[in-house]
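In what follows, a single structure is set out as structure tokens and then discussed.
Note that the structure is predicted; figures quoted are calculated from it, not measured.
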Amino acid sequence: GPVRLFEPPPAAPLTGTMMTSSPKARLAVDIADRSLAITPDGSRVVFLGSEKTQIFVRSFDSIEPTPIVTTDNLLRGIFLSPDGRWVGYFESNTTLRKVPISGGSPVTIYAGDSPSRGAVWAPDNTIVFATASSDTGLLRISADGGAITVLTRPKPELGEFDHVFPSFVPGTSTLIFSIASMGDRPPRVAALDLESGAWKTVLEGAAHPLYLPTGHLLHTGGRALRAVPFDVKRLEARGAPVTIVPRLIAGTLGSAEYAISQNGTLIYFDAGGPTEPVRSLVWVNRRGQETPAGVDTDSAAHPRLSPDGTRLVFVDTADLFLWDFQ
């Protein structure tokens, strides 16, 4: 029979753009949960604005976004249904709700008592989410409401403080999530087998994972967004991570302001934006000349020197640090 030669299509050109909007619709960053999402087809972005009291939808072919939720309460934790028709979010930190992406009346799914720490909408119409309560890790509920199922509980004996920011590996029974570690230990990315209920660490010093159909695991390392080849059968990282975005907005317990669509459109909030300035500690002499203090932080606040000038106390994110200059 005839032989046909198929050549792979050329790679699409890499393009980038910056989205701007009115001050009212400017992205409202939440350092404890995600404030933006992108539809699976990559056509629309959903994000928080108006100081976390409105949810906006912005199409890439539109100039201005459209508000779909307006409230006097604080909003957080944006995520989307697999078909892109529903927007999930948390109101007043703890109440899980959903609203059509085209607008309409919000529906309450679950009224909790602990602030959210990430959520994902599964193809079987359930939602897996995390809270700030370290007594439970990942929780599951029907997107139509109902009883809560506890999927994981942190293991303090293994240095686990909490399980947060879940996402699915499509086509498998695997759920990936962040393990917030106890003390000053770095975070980890773990994989949960929903059939057996067992989980294991797959990446050290990483957080906020998302799996790509290309066979890569996106994750944060510090404030950088990285990708590493990932074997979904063995649940193992293969090779060294590559930095995709050098600096993005990242907050407590490994939260990060980025999302990616099924067609590979990545949206993120640059850490160089006005919502989270880089704050370096410096010595200043009486002539106003600045010298780097050599303190390993770029988000310090409220620095206080000891009387003898050898030690420094400062706040970084939600933690208090003591720095010894010697």
Side-chain angles (χ1 to χ4, degrees), residues 19-30 32-131 139-149 165-168 170 210 255 257-263 265 267 269:
M19 294 177 60
T20 59
S21 57
S22 63
K24 186 175 183 181
R26 180 179 295 168
L27 177 70
V29 175
D30 187 333
D33 207 338
R34 188 181 296 165
S35 303
L36 53 77
I38 187 168
T39 54
D41 63 3
S43 65
R44 288 180 286 183
V45 175
V46 184
F47 62 95
L48 293 183
S50 298
E51 299 181 347
K52 305 178 187 177
T53 61
Q54 283 188 296
I55 296 177
F56 291 89
V57 177
R58 162 80 181 271
S59 298
F60 280 104
D61 59 358
S62 299
I63 296 178
E64 283 296 324
T66 301
I68 59 171
V69 174
T70 300
T71 177
D72 293 330
N73 302 317
L74 292 180
L75 308 173
R76 69 189 303 176
I78 300 292
F79 62 101
L80 298 179
S81 61
D83 59 9
R85 297 174 58 186
W86 288 88
V87 178
Y89 65 96
F90 289 84
E91 187 165 339
S92 301
N93 285 343
T94 61
T95 300
L96 177 59
R97 311 192 81 184
K98 65 180 181 181
V99 66
I101 197 170
S102 57
S105 299
V107 178
T108 297
I109 300 173
Y110 170 70
D113 55 7
S114 186
S116 68
R117 290 290 186 269
V120 61
W121 198 312
D124 64 358
N125 201 41
T126 62
I127 294 172
V128 177
F129 65 101
T131 71
L139 309 171
R140 181 162 55 184
I141 189 173
S142 167
D144 298 320
I148 292 288
T149 301
F165 302 112
S167 61
F168 279 95
L210 286 177
S255 64
E257 293 290 10
Y258 82 96
I260 193 164
S261 68
Q262 291 180 358
N263 68 354
T265 301
I267 183 167
F269 200 95

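- Two residues are said to be in side-chain contact when any heavy atoms from C-beta on lie closer than 4.5 Å; L96 and I127 meet this criterion.
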Practice problem: Apply the test side-chain contact (heavy atoms from CB on, under 4.5 Å) to residues T265 and I260: give CA-CA distance (whole Å), side-chain angles for both, the deciding distance (0.1 Å), then the verdict. | Solution: CA-CA 5 Å; T265 301; I260 193 164; 5.9 Å; no
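- Using bins of under 30°, 30° to 60° and over 60° for the plane-to-plane angle, the ring pair F47/F56 lands in the parallel bin.
- Considering only heavy atoms from C-beta on, R97 stays 4.5 Å or farther from I109 through its side chain.
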Practice problem: Evaluate side-chain contact (heavy atoms from CB on, under 4.5 Å) for I141 paired with T149, printing each intermediate quantity in order. | Solution: CA-CA 6 Å; I141 189 173; T149 301; over 6 Å; no
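- Between V69 and L75 the shortest side-chain heavy-atom distance falls below 4.5 Å.
- A 4.5 Å side-chain heavy-atom check between E91 and T71 finds at least one atom pair inside the cut-off.
- In this structure, D41 CG and Q262 CD are separated by 8.5 Å, a value rounded to the nearest 0.5 Å.
- Of all the heavy atoms in A32 and R76, the pair that sits closest is CB-NH2, 2.9 Å.
- No side-chain heavy atom of S50 sits under 4.5 Å from any side-chain heavy atom of R26.
- Heavy-atom minimum distance, S59 versus R44: OG-CG, 3.2 Å.
- With a 4.5 Å cut-off on side-chain heavy atoms, E257 and D33 do not count as touching.
- Two residues are said to be in side-chain contact when any heavy atoms from C-beta on lie closer than 4.5 Å; L48 and L36 fail this criterion.
- The number of heavy-atom neighbours closer than 6.0 Å to CG of D124, taken from other residues, nucleotides and ligands shown, is above 12.
- When all heavy atoms are compared, the tightest approach of A28 to S35 is O-OG, 3.1 Å.
- For the atom pair S114 OG and N93 CG, the distance stands at 9.0 Å (nearest 0.5 Å).
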Exercise. Please lay out, stage by stage, how T131 and L139 fare under the test side-chain contact (heavy atoms from CB on, under 4.5 Å).
Key: CA-CA 8 Å; T131 71; L139 309 171; 4.1 Å; yes
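- Annotation: Y110 is in aromatic contact with F129 [ring centroid separation under 6.0 Å].
- Looking at Y89 and P106, their side chains come closer than 4.5 Å, going by heavy atoms from C-beta outward.
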Exercise. Please step through side-chain contact (heavy atoms from CB on, under 4.5 Å) for the pair V57 and V45, ending with a clear verdict.
Key: CA-CA 6 Å; V57 177; V45 175; over 6 Å; no
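- Closest heavy-atom contact between E51 and L74: O-CD2, 3.8 Å.
- Of the inter-residue distances, the one linking N73 atom CG with T53 atom OG1 reads 9.5 Å to the nearest 0.5 angstrom.
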